[in-house]
Amino acid sequence: MLNKLKLWKDKNHSSNLRERIIAIRNQQVPSHVAIIMDGNGRWAKKRALPRIAGHHEGMKVVRKITKLANELGINTLTLYAFSTENWKRPKNEVDYLMKLPEEFLGTFLPELIDENVQVKMIGYKDKLPEHTRRSIEKAMNETQNNTGLILNFALNYGSRAEILEAVKRTVTDCKSGIMDINELNEDLFSNYLMTKGLEDPDLLIRTSGEIRLSNFMLWQLAYTEFWFTDVLWPDFEEKHLLEAIEVFQNRQRRFGGV
Ligand code: FPP
């Protein structure tokens, strides 16, 4: 109800967007949407700007899309913000990407709290610079009792490493008798992944025209619907998320059945 009132009052939505939002909410909304936010560098290059300008612009889009996801009643929004492979980028770019969570949360945490958003993270937190880790932990602590959208940042995340580590811990638990190998099944194994407690994504979006997974949630995306767009992440608007969900709502998911 609260969400509905907010939606009606939100003057930032054109009447067309508002109608689409209402129509989407009247059907099954994907519970977990995951996004590979790609194309920041190309967006900057097209404007003869440094790559970090693209990341900065991309951060503003994160705010817009988070608000909309919350309004739509999506339960979890996972955003691929930094992969374990991204450390290979030039130092100034890595440094800037590591400052972005601080910048984003420094500015928007009060707004996220106000909107009942819960911040989470998947990825190797211990290997993040201290300042990045602190800002994420602060946001996670301050929003842990919120019950609205889960805004889940994949930060220093890599899926193969995640799976391998889960296998190692499973083997350890089997050897020590905590787990019976004959009882091990997909659900139990999922509890060893960083996404423990989160549903698998229903919809994956990747921007910028690249059609690949780039080591993102390989286990969790087994039955996910994919939607790709040529739009570069800094140009991604509310209407694009609505389009992706409308396409999703017109797909038939069979999960291997008929
Ligand atoms: C990929 O584009 C994008 C990233 C590696 C970083 C994504 C980060 C953001 C959108 C901001 C995140 C915001 C917060 C709040 C953490 P690219 O640089 O690979 O683009 P390119 O393929 O055009 O070079």
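For the numbers below, each heavy atom of this structure counts, side chains included, while hydrogens, waters and symmetry mates do not. We count ligands from 1, going down the list as the structure has it; atoms in each ligand are counted the same way.
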Engineer: Who's the nearest protein heavy-atom neighbour of atom 22 (O) of ligand 1, and how far?
Structural biologist: Arg42 NH2, 2.9 Å
Engineer: Would you mind running through ligand 1 and noting each atom that sits below 4.0 Å from a heavy atom of Phe104?
Structural biologist: 15 (C)
Engineer: Tell me whether Lys60 is salt-bridged to Glu57, with the criterion being a basic N under 4.0 Å from an acidic carboxylate O.
Structural biologist: yes
Engineer: Identify, for atom 14 (C) of ligand 1, the protein heavy atom at the shortest distance, and state residue, atom and that distance.
Structural biologist: Phe153 CE2, 4.1 Å
Engineer: Is ligand 1 less than 4.0 angstrom away from at least one heavy atom of Glu103?
Structural biologist: no
Engineer: Looking at ligand 1, would Gly39 count as a contact under a 4.0 Å heavy-atom criterion?
Structural biologist: yes
Engineer: Using heavy atoms and a threshold below 4.0 Å, how should the contact between Trp233 and ligand 1 be classified: side chain, backbone, both, or neither?
Structural biologist: side chain
Engineer: What do you reckon, does Glu210 put a non-hydrogen atom under 4.0 Å from ligand 1?
Structural biologist: no
Engineer: What heavy-atom pair brings Thr224 and Pro201 nearest, and what distance separates the two atoms?
Structural biologist: OG1-O, 2.7 Å
Engineer: Quick one: which ligand 1 atoms are inside 4.0 Å of a heavy atom on Arg89?
Structural biologist: 5 (C), 17 (P), 18 (O), 19 (O)
Engineer: List the closest protein heavy-atom neighbour of atom 16 (C) of ligand 1: residue, atom name, distance to the nearest 0.1 Å.
Structural biologist: Ala81 CB, 3.9 Å
Engineer: Using the side chain to side chain contact (heavy atoms under 4.5 Å, CB included) definition, which of the options Ile205, Val62, Asp38 pairs with Trp233?
Structural biologist: Val62
Engineer: To check your reading of the model: name the closest protein heavy atom to atom 1 (C) of ligand 1, its residue, and the distance in Å.
Structural biologist: Met37 O, 3.3 Å
Engineer: State whether the side chain of Arg20 and the backbone N or O of Asn16 hold a donor-acceptor pair below 3.5 Å, judged by distance alone.
Structural biologist: no
Engineer: I want to know if ligand 1 touches Arg51 in the polar sense, i.e. an N/O pair below 3.5 angstrom.
Structural biologist: yes
Engineer: Are Lys67 and Glu238 close enough for a salt bridge, meaning some N to O gap below 4.0 Å?
Structural biologist: no
Engineer: Between Thr107 and Arg63, is there a side-chain donor-acceptor contact under 3.5 Å, judged purely by atom types and distance?
Structural biologist: no
Engineer: Looking only at protein heavy atoms, identify the closest one to atom 10 (C) of ligand 1 and say how far it is in Å.
Structural biologist: Asn40 ND2, 3.2 Å
Engineer: Which protein non-hydrogen atom lies closest to atom 11 (C) of ligand 1, naming both residue and atom, and how far is it?
Structural biologist: Leu100 CD1, 3.6 Å
Engineer: Going by distance alone, is a donor N or O of one side chain under 3.5 Å from an acceptor N or O of the other, for His13 and Glu71?
Structural biologist: yes
Engineer: Could you check whether Trp87 and Asn156, counting side-chain N and O atoms only, form a donor-acceptor pair closer than 3.5 Å?
Structural biologist: yes
Engineer: Would you please classify the geometry between the Tyr157 ring and the Phe216 ring as parallel, tilted or perpendicular, with 30° and 60° separating the classes?
Structural biologist: perpendicular
Engineer: With heavy atoms of Leu97 as the reference, note each atom of ligand 1 found under 4.0 Å away.
Structural biologist: 6 (C)
Engineer: Counting non-hydrogen protein atoms only, what is the nearest one to atom 5 (C) of ligand 1? Give residue, atom name and distance.
Structural biologist: Asn86 OD1, 3.6 Å
Engineer: Salt bridge (charged side-chain N to carboxylate O under 4.0 Å, His left out), that's the test. Do Glu130 and Arg133 meet it? Break it down for me.
Structural biologist: CA-CA 5 Å; Glu130 169 84 21; Arg133 193 172 64 234; 3.0 Å; yes
Engineer: Which residue and non-hydrogen atom of the protein lie closest to atom 20 (O) of ligand 1, and at what distance in Å?
Structural biologist: Gly41 N, 3.0 Å
